[in-house]
Amino acid sequence: MSSNDNNGYKPIAIEGKWQTRWEEEGTNSLSADLLERGENPYYNLMMFPYPSAEGLHVGNIYAFTGADVHGRFQQLAGHTVFEPIGFDAFGIHSENFALKQGVHPMDLIPSNVANFTRQLKRMGGMFDWDHTVDTTDPTYYRWTQWIFIQLFKAGLAVRKEAPVNWCPSCMTVLSNEQVIGGRCERCDTPVEQRNIAQWFFRITQYSQRLLDGLKNIDWSETTKKAQENWIGRSEGAILHFPILPEEQRGNSFDGMSKDELFSATKDLKNIEVFTTRPDTVFGATYIVLSPEHPIVKDITSSQQAKTIKAYQEQTAKLDLVARQKTEKAKTGVFTGGYALNPANGTAIPIWISDYVLMGYGTGAIMAVPGHDQRDFDFAKTMDLPIRQVVRSPKTSENNITDLLEAYVGDGVLINSQAFDGLPVQEAKKKICEWLKDIGLASVHIGYRLHDWCISRQRYWGPPIPIIHCDECGPVPVPEKDLPIVLPRVEDFKPDDSGVSPLARMEEWYITVCPECGTTARRETDVSDTFLDSSWYFLRYPSSDSETAPFDSDITSKWLPVDCYIGGNEHAVLHLLYSRFITMALHDIGHIHFQEPFVRFRAHGLIIREGAKMSKSKGNVIIPDQVIEKYGADTFRTYLMFLGPFDEGGDYQDEGIQGPHGFLHRVWETATEALQNDSVEKNAVVERKLHQTIQQVTEQLPRLRYNTSIAALMEYLNVVRSKGRVPQKSEVEPLIVMIAPFAPHLAEDLWESFGHSESIFSGMNWPQYEPDKAREDNVEIAIQINGKLRGTITVETDIDKNSAEKIARAEKNIARYLDTAMVKRVVYVPNRLVNFVVESNNA
RNA sequence: GCCGAGGUGGCGAAAUGGUAUACGCAGGGGACUUAAAAUCCCCCGGGAGAAAUCCCAUGCGGGUUCGAGUCCCGCCCUCGGCACCA
């Protein structure tokens, strides 16, 4: 079935007509006046796309359609809906593509944006084209730079030298989030470590708030969980292990009292370790430091110095993939130093090993080989003592033998002096308190979250607005001098130097210090793309403003965002950064809310014929072709019909016939109904109509699009059942209800039904009346011992006795009850009668 | 290994603890037509039976309940995310 070959529904013509009209009449654009008034506002947001050269892919269209259906429904329900779209066009993605094609990104991006714009208009979204953003436009990134400066002034942007992930292929620093299993997210190259001075946003200061905030926002559970895991809070303690000076090696601290131990150790330097298992401290038989730990040089004995140095160098050379391989055998070196176990005063050796990471906790651990698998493996390899201090409740006391693996489960303490017999949970508290008393412990909460490195040694991004002055240090560019425009550089290829291509342009980076006027140097790194996208939703409603990133009146009316729809691949990247930037701007006093997105829903993924789509398999759906053949309305409706929106679906090429045929039938039914405007109502149709309105009205806001469309199909089947003649009043509500899915068709039929205004111009969503949705009769099930044995049709809400009487009279039921004794009758109104019987045959 | 989602006809999928398989695709039969397309009508989980009707079926094994796709316990498999995070 091809669309334009019959003289009925002609989607291509209808869609062209309405897209032109919407544009001419500004149907979807909010005027400055409307934005300022902000009456009954609804901010409907979707994740803006990266404008690739290939054009929109189905995943984009799926996400945008789902969001657009929601926006259109809210509009029909009476809201003033603001539904903007824009382009996230900075970043490595664009840059690498430009390099490959030999085109300058400044030439490439505009043509990609133009193509995306054409496609987005063609799919019929109600986008406000008067309020778009393009992150590469200086009028936008001027404010991205402004945000950097605000954070800098608030002490939230700091420059520090740090080991960073370096992709030797992309020749740039990657954030932790961009490293997948030790490899570059983009090109799959193993990532190396490098030490470079970088700008960091101190997102870790917000760890707890970012975690707490999750409780009060209406987000997809999976997304919240991903953020929770990413922030990775763990409660524990920092324990102090006094470093034993060489001259005290021979002394025994074992068996000292609390006071004696305190006075013997109070002048000693400590190694601080973070642990979530302070209860196992009696089982700590050695210490392991990260090879990079600054204290290593102080404790290494002269005999061990050479070996330690060699190991440190070996580790530094290791790329992160090799270092993070869990299955790799444990390696490490003894430093020659000893520390005191603060719990039992035993001197224990201090080792270094690459399985301890500098980036987490204190970069040092107390090793409890009896109760931690990593420590166990290490102890076995290095032949270090293993001491069991927790007994499983399942094991009998005499059964403690050599462990085959660490016991990490619950239990009670043993070999822990005064704490023997305490359950693990209780021991954690008690041991902490005890060590706290003698100054050897503090309660500590650790987070996995790292500071956000925003420096990129690349070309295609907004220059970081900082001037380095030998006298004044890093000085922010005065706000009046923004934007710092990214110059057009023909040779923008990155090199292995670890600095941005901008660092090759002396005429650009030499400047004067805004504070002291001496010659100074601009920062030549650009910022991370995720900074561009961490605030774009603040810009949309204020995109007309030339004097502020976001107008405070408009922002207070339209934000936070009412509904945000996007992919869960951004669960811990974009969505976390956006929350952080929002909180920071709130604290600095620029906005009135702390959470940017009241509601977030992650959509599912579309596969095709049971398989993932990929260019290499050659099975990608080309949206332009589908739209050309069936029209945007059919494509939209089909995508939404595939399955639950948050789960995605399997795109089967033949399946599009269903929704396509449905829209044809709607068109034909409506056209026929125009001739039939009878006042007489058909009871069956009317009842089904009200049931349908109820169902769809309840399901649409919950994004249950597939079942909503099914309900509309059912209704149309009733309207046309046995080829009956449709009435105008039966069809008009259907036109409104399909409008979110098939907006062009709905507009056209709405017009032919005599309306001069756009269907989306008012509160046109139909109301249902519960009385009219009510059935007079219902078919109910009759069960014997829970098994279906017949059905009867009774009046709605009939009482139990009458229902039972009718049920008993049913032929098949009577047969069963003849030979059985009824012990109980369960009656569920309008559902079933269940006879619980005991058989007499026995 | 940990966290999350899921497993239902030939296929995509429905089902507040209450008649499993709605809606759609594919398939079969029929109407209209010179023919095709489009449209319309009917059938369509498996098995037994002439029929009435009965048995089996929601990944597997148990349990709770008058009644379980749905709740509980123990497994298996698939897909996403995290992973030497102390």
Side-chain angles (χ1 to χ4, degrees), chain A residues 1-2 5-8 180-181 220-226 228-230 232 234 236 273-277 288 323-328 330 353-357 359-368 372-375 377-378 446-450 568-569 571-572 604-605 607 609-610 612 638 641-644 646-659 661-662 664-665 668 704 706-714 717 720-723 779-791 811-812 815 823-837:
Chain A
M1 169 167 52
S2 172
D5 53 5
N6 63 62
N7 47 18
I180 310 291
S220 295
E221 229 20 73
T222 56
T223 313
K224 289 206 277 189
K225 202 74 198 171
E228 199 184 306
N229 292 342
W230 190 261
S234 58
V273 306
F274 174 62
T275 179
T276 55
R277 294 293 305 272
V288 188
R323 172 132 185 203
Q324 293 192 347
K325 271 249 159 71
T326 32
E327 60 273 23
K328 160 179 90 110
K330 294 279 182 287
S353 171
D354 64 2
Y355 85 91
V356 176
L357 310 171
Y360 186 77
T362 60
I365 60 153
M366 64 172 200
V368 185
D372 181 287
Q373 192 57 42
R374 297 155 298 184
D375 298 343
D377 294 341
F378 190 77
Y447 297 91
R448 210 192 68 107
L449 185 65
H450 286 68
N568 221 15
E569 67 273 18
V572 292
L605 298 176
I607 56 172
E609 311 281 359
K612 263 191 195 164
Y638 181 45
F641 184 65
L642 285 178
D646 55 356
E647 285 172 33
D650 187 357
Y651 187 101
Q652 304 185 326
D653 294 359
E654 284 306 312
I656 200 169
Q657 301 300 347
F662 169 64
H664 263 283
R665 228 147 85 98
E668 269 150 27
R704 305 295 302 211
N706 56 332
T707 50
S708 295
I709 293 167
L712 296 172
M713 288 172 165
E714 274 189 65
N717 289 346
R720 300 312 303 269
S721 96
K722 317 265 182 212
E779 191 187 46
I780 67 172
I782 309 165
Q783 300 178 340
I784 307 288
N785 289 341
K787 275 191 189 257
L788 182 71
R789 295 301 179 200
T791 58
K811 212 171 70 191
N812 198 38
R815 191 166 68 85
K823 284 163 49 185
R824 190 180 150 195
V825 180
V826 179
Y827 175 59
V828 181
N830 304 324
R831 287 285 178 185
L832 59 79
V833 178
N834 184 17
F835 294 97
V836 184
V837 306

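Since this is a predicted model, take the numbers as computed values, not measurements. Here is the naming used below: chain letters follow the sequence lines, and residue numbers restart at 1 for every chain.
Pair check for A15(B) finds none; no Watson-Crick or G-U wobble contact set falls under 3.5 Å. Pair assignment for U78(B): A5(B), on the basis of Watson-Crick or G-U wobble contacts that are both within less than 3.5 Å. Pairing partner, A51(B): none, since no Watson-Crick or wobble contact has both distances short of 3.5 Å. Pairing of A68(B), defined by two Watson-Crick or G-U wobble distances under 3.5 Å, is not identified with any nucleotide.
Checking G24(B), A14(B), C25(B) against the side-chain heavy atoms of N717(A) singles out G24(B) as nearest. Relative to the side chain of Q652(A), the nucleotides G12(B), C40(B), A86(B) differ in distance, and G12(B) lies closest.
Across the P atoms, G9(B) and G59(B) are found 8 Å apart, a figure rounded to whole Å. Here the separation of U8(B) from A57(B), taken at their C1' atoms, is 10 Å to the nearest Å. To the nearest whole angstrom, the two C1' atoms, one in U65(B) and one in C73(B), are 16 Å apart. Spacing of C1' atoms, G27(B) relative to U70(B), comes out at 31 Å, to the nearest Å.
Taking side-chain N and O atoms only, K787(A) has a distance below 4.0 Å to OP1 or OP2 of C56(B). Distances shown here put every side-chain N or O of R704(A) at or beyond 4.0 Å from the OP1 or OP2 atom of C23(B). The phosphate of A86(B) has OP1 or OP2 within less than 4.0 Å of a side-chain N or O from S234(A). For the OP1/OP2 pair of A14(B) and a distance below 4.0 Å, the side-chain nitrogens and oxygens of N706(A) include at least one atom meeting the criterion. Taking 4.0 angstrom as the limit, R789(A) places a side-chain polar atom (N or O) nearer than this to OP1 or OP2 of C55(B).
Between F274(A) and Y360(A), the angle of the ring planes goes over 60°, which puts this pair in the perpendicular group of the 30/60° scheme.
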Could you write out each protein N or O paired with an N or O of nucleotides 62-64 of chain B at a distance under 3.5 Å?
none

What does the list of N/O pairs under 3.5 Å between the protein and nucleotides 16-19 of chain B look like, with a distance for each?
{"unit_1": "G18(B)", "atom_1": "N2", "unit_2": "Q783(A)", "atom_2": "OE1", "d": "3.4"}
{"unit_1": "U19(B)", "atom_1": "N3", "unit_2": "E779(A)", "atom_2": "OE1", "d": "3.2"}
{"unit_1": "U19(B)", "atom_1": "O4", "unit_2": "E779(A)", "atom_2": "O", "d": "2.5"}
{"unit_1": "U19(B)", "atom_1": "O4", "unit_2": "E779(A)", "atom_2": "OE1", "d": "3.3"}

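U53(B) atom P lies 14 Å from atom CD1 of I784(A), rounded to whole Å. What separates OH of Y638(A) from C1' of G24(B) is a distance of 9 Å, to the nearest Å. Atom CD in Q657(A) sits roughly 15 Å away from atom C1' in G27(B) (whole-Å rounding). With rounding to whole Å, N785(A) atom CG is found 16 Å from A68(B) atom C1'. Atom-to-atom, CG of N568(A) to P of C82(B) comes out at 11 Å; the value is rounded to the nearest Å.
When heavy atoms are screened at a 4.0 angstrom cut-off, D375(A) is found touching no nucleic acid atom at all.
Checked by atom type, the side-chain pair N834(A)/R824(A) shows no donor-acceptor distance below 3.5 Å.
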